[in-house]
Amino acid sequence: MNEIDFSQLEKLQKQMESVDYTKACASAMNVISQRALKYISNVTKPGHYKNGKTGGTLKKSWQVERTTVSGSTVKGGIYTALEYAPYVEFGHRTANHEGWVQGRFMLTISEGEIQDIAPQVLEAKIKKFLGGVMK
């Protein structure tokens with residue numbers, strides 16, 4: 001009969017259980033939110049006015065939402081408090097109601113970019129947290 005020593009495996013299991021995965025996810029959310037802010041700021045173009053001046057209020061208004069943790073749920077993201085942002089995003093009627101101004105889809109475009117990088121960011125953060133345990 002052979003004997004198998006599982007003590008090292010049990011030690012690894014305890015180390016893995018000690019990792020705060022929620023903290024890793026919150027850290028990843030902070031990185032993802034900052035990247036989203038960068039993407040959307042780059043995609044949001046200043047408006048042009050009839051007098052030839054350009055705006056920039058919407059571009060400057062994007063902000064990172066504070067990352068929150070509630071149980072095992074991590075929330076974060078970006079937002080703007082400007083009331084007209086949805087009209088720029090999705091389009092709107094002209095002032096005389098005879099035409100249509102196409103939407104710019106700044107948030108929609110940025111969301112696609114973030115969905116592409118989010119898994120890699122999360123994986124990197126989890127590896128970093130696991131690396132601290134595996135030493």
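As a basis for the values below, the full set of heavy atoms in this structure was taken, side chains included, without hydrogen atoms, waters or symmetry mates. Residue numbers run from 1 in the order of the sequence given. Predicted model only: the values in this text are computed from it and were never measured.
Looking at heavy atoms from C-beta onward, Y39 lies out of side-chain contact with I78 at the 4.5 angstrom threshold. Looking only at side-chain heavy atoms (C-beta outward), Q34 and K38 stay at 4.5 Å or farther from each other. Between R35 and V31 the shortest side-chain heavy-atom distance falls below 4.5 Å. For the pair K59/K45, no side-chain contact is recorded, criterion being any heavy-atom separation below 4.5 Å from C-beta on. Residues M106 and L58 are in side-chain contact: their nearest non-hydrogen atoms beyond the backbone lie under 4.5 Å apart.
The aromatic rings of Y87 and H92 sit perpendicular to each other, their planes meeting at more than 60°, with 30° as the lower class boundary.
One finds the CG atom of N42 at 13.0 Å from the CH2 atom of W62 (value rounded to the nearest 0.5 Å). Summarising the geometry, atom CD belonging to Q63 is positioned 10.5 Å from atom OG belonging to S41; distances are rounded to the nearest 0.5 Å. A distance of 4.0 Å separates CD in E89 from OG1 in T108, rounded to the nearest 0.5 Å. Put simply, CD on Q120 and CD1 on I32 are 9.5 Å apart, with the number rounded to the nearest 0.5 Å. Taking CZ from F90 and CG from L107, the interatomic distance works out to 7.0 Å, rounded to the nearest 0.5 Å. If you take OH on Y79 and CD1 on I40, they are separated by 13.0 Å, rounding to the nearest 0.5 Å.
Under the 4.0 Å criterion applied to side-chain N and carboxylate O atoms, K14 and E10 are not assigned as salt-bridge partners.
In terms of heavy atoms, G77 sits closest to M29 at N-SD, 4.4 Å. Considering every non-hydrogen atom in both S33 and G76, the closest pair reads OG-C, 4.0 Å. What you find for A26 and V74 is that their closest heavy atoms are CA-CG1, 3.7 Å.
Both I109 and L82 are assigned to one and the same hydrophobic cluster, defined by single-linkage of ILVMFWY side chains at heavy-atom distances under 4.5 Å. Grouping the Ile, Leu, Val, Met, Phe, Trp and Tyr side chains by contacts below 4.5 angstrom, directly or via other members, places V121 with I114. A continuous path of Ile, Leu, Val, Met, Phe, Trp and Tyr side chains, each step under 4.5 Å between heavy atoms, connects F129 with Y21, placing both in one hydrophobic cluster.
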